[in-house]
Amino acid sequence: MKGKFIVLEGPDRCGKSTQAKLLYNYFLARGYDVLLTREPGGTPTAERIRQIVLEPGLDVRPMAELFLYEASRSQHTQEKILPALEAGKIVICERYTMSTCAYQGYGRGIDLKTIETLNQVATLGLKPDLTLVFLMSDKYFTERGEYLFSDRLEQEDLAFRQKMRQGYQELIARTPNAYLVDADRNVDEIQHQVVGLLTKHHIVEADAVC
């Protein structure tokens, strides 16, 4: 691939959307050709699937939920991500395959080998060049969500969130080029770590770091 694929992972309300936008603006300011996208979603078809999978009150069974995520990912990868990478763009994506392992694997209890096989099929084998996993203390989930609309996944209980968070920690340990980011810190401290990791992986040059 000519471009670079950066994925921001983590549970709901961990601040990854804020950091994704900061990172997008960071690249733009330095003249890079960059695309910001998200999962589930990212294309008209995939966004329609997102509406189904996250709608509160819908009875979506675990395996059906998994297949919906993978359908969205397949469309998103083929329609948007791969063409952008082939064109030499930097692609920043909020969530990708690791989230499915954490939520549907550790959270729902679906066999990880099954999920990894479906991830491989849906992505055509695409792997991120860099994965940043934002994890925060659970108290911030409640504080940050006090005045927010909660989707179907955000309405899961503490036990689910604990299993999912543990999953992320284990997945970081066995995923190449994946790093834990302490999302309890302030926005500027987090961005500094993010930019440092971009330099470490030669996605930006050291003299471009501010």
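These values consider heavy atoms only, across backbone and side chains, with no hydrogens, waters or symmetry-generated copies.
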Residue set satisfying ring-ring contact (aromatic ring centres under 6.0 Å, His included) with Tyr106, at least two apart, ordered chain then number -> none

For Tyr168, ring-ring contact (aromatic ring centres under 6.0 Å, His included) partners two or more places apart: none

With sequence neighbours left out, what residues match Gln51 under side-chain contact (heavy atoms from CB on, under 4.5 Å)? Arg48

Over all atoms of both residues, closest heavy-atom pair of [X] and [Y]:
| X | Y | value |
| --- | --- | --- |
| Ile52 | Val60 | O-CG2, 4.4 Å |
| Pro40 | Val53 | CG-CG1, 4.1 Å |
| Ile92 | Phe27 | CD1-CD1, 3.9 Å |
| Ala46 | Gly41 | CB-O, 3.3 Å |
| Ala102 | Leu171 | N-CD1, 3.8 Å |

If you measure from the Lys or Arg side-chain nitrogens to the Asp or Glu carboxylate oxygens, is any gap between Glu170 and Arg165 under 4.0 Å? no

Flag the pair Arg95 and Asp12 as a salt bridge only when some basic side-chain nitrogen lies within less than 4.0 angstrom of an acidic carboxylate oxygen. yes

Backbone N/O of [Y] and side chain of [X]: donor-acceptor pair under 3.5 Å:
| X | Y | answer |
| --- | --- | --- |
| Arg30 | Tyr26 | yes |
| Gln75 | Thr45 | no |
| Arg185 | Asp182 | yes |
| Thr175 | Ala178 | no |

Side-chain heavy atoms of [X] within contact of [Y], under 4.5 Å:
| X | Y | result |
| --- | --- | --- |
| Leu132 | Leu197 | yes |
| Phe67 | Arg61 | no |
| Thr43 | Ser72 | no |
| Ile49 | Tyr69 | no |

Interatomic distance, [X] atom [atom1] to [Y] atom [atom2] [nearest 0.5 angstrom]:
| X | Y | atom1 | atom2 | answer |
| --- | --- | --- | --- | --- |
| Cys14 | Ile190 | SG | CD1 | 8.5 Å |
| Ile81 | Phe5 | CD1 | CZ | 4.0 Å |
| Leu158 | Lys163 | CG | NZ | 11.0 Å |
| Gln19 | Gln193 | CD | CD | 9.5 Å |
| Asp33 | Ile90 | CG | CD1 | 8.5 Å |
| Thr18 | Gln191 | OG1 | CD | 11.0 Å |

Residues two or more places apart in sequence or in another chain: which of them pass side-chain hydrogen bond (donor to acceptor under 3.5 Å, both in side chains) with [X]?
| X | result |
| --- | --- |
| Gln120 | none |
| Tyr96 | Thr77 |
| Thr37 | His76 |
| Gln104 | Glu65 |

Could you walk me through whether Leu135 and Val181 pass the side chain to side chain contact (heavy atoms under 4.5 Å, CB included) check? CA-CA 6 Å; Leu135 293 181; Val181 177; over 6 Å; no

Could you note down all residue pairs passing salt bridge (Lys or Arg N to Asp or Glu O under 4.0 Å) where residues 66-90 supplies at least one of them, sequence neighbours left out? Glu39-Arg73, Glu70-Arg73

Tell me, which pairs form a salt bridge (Lys or Arg N to Asp or Glu O under 4.0 Å) where one or both residues lie in residues 16-27, sequence neighbours left out? none

Applying the 4.5 Å side-chain criterion to the ILVMFWY set and letting contacts propagate, would Leu66 and Val121 be lumped into a single cluster? no

Please determine whether residues Leu8 and Leu28 belong to a single hydrophobic cluster, defined as Ile, Leu, Val, Met, Phe, Trp and Tyr linked transitively by side-chain heavy-atom distances below 4.5 Å. yes

How would you list all residue pairs meeting ring-ring contact (aromatic ring centres under 6.0 Å, His included) that involve residues 110-137, not counting sequence neighbours? none

Decide yes or no on side chain to side chain contact (heavy atoms under 4.5 Å, CB included) for Leu35 and Cys93, but give the supporting numbers first. CA-CA 8 Å; Leu35 170 70; Cys93 188; over 6 Å; no

Stepwise side-chain hydrogen bond (donor to acceptor under 3.5 Å, both in side chains) test for Arg161 and Tyr103: CA-CA 9 Å; Arg161 295 198 299 274; Tyr103 275 77; over 6 Å; no

Other than Leu22, which residues form its hydrophobic cluster under the rule that side-chain heavy atoms must be closer than 4.5 Å? Val187

Given side chain to side chain contact (heavy atoms under 4.5 Å, CB included), test His192 with Glu189 step by step and report yes or no. CA-CA 5 Å; His192 182 75; Glu189 289 175 328; 5.7 Å; no

Apply side chain to side chain contact (heavy atoms under 4.5 Å, CB included) to Leu126 and Leu85, showing your working. CA-CA 10 Å; Leu126 177 64; Leu85 292 172; 3.9 Å; yes

Let me check something: any side-chain donor-acceptor pairs from residues 109-118 under 3.5 Å, sequence neighbours excluded? List them with distances.
from	atom 1	to	atom 2	distance (Å)
Asp111	OD2	Lys113	N	3.3
Asp111	OD2	Thr114	N	3.1
Asp111	OD2	Thr114	OG1	3.3
Glu116	OE2	Arg174	NH1	3.3
Glu116	OE2	Arg174	NH2	3.2
Thr117	OG1	Lys113	O	2.9

Could you point out which residue of Asp129, Val91, Leu23 forms a side-chain contact (heavy atoms from CB on, under 4.5 Å) with Ile6? Leu23

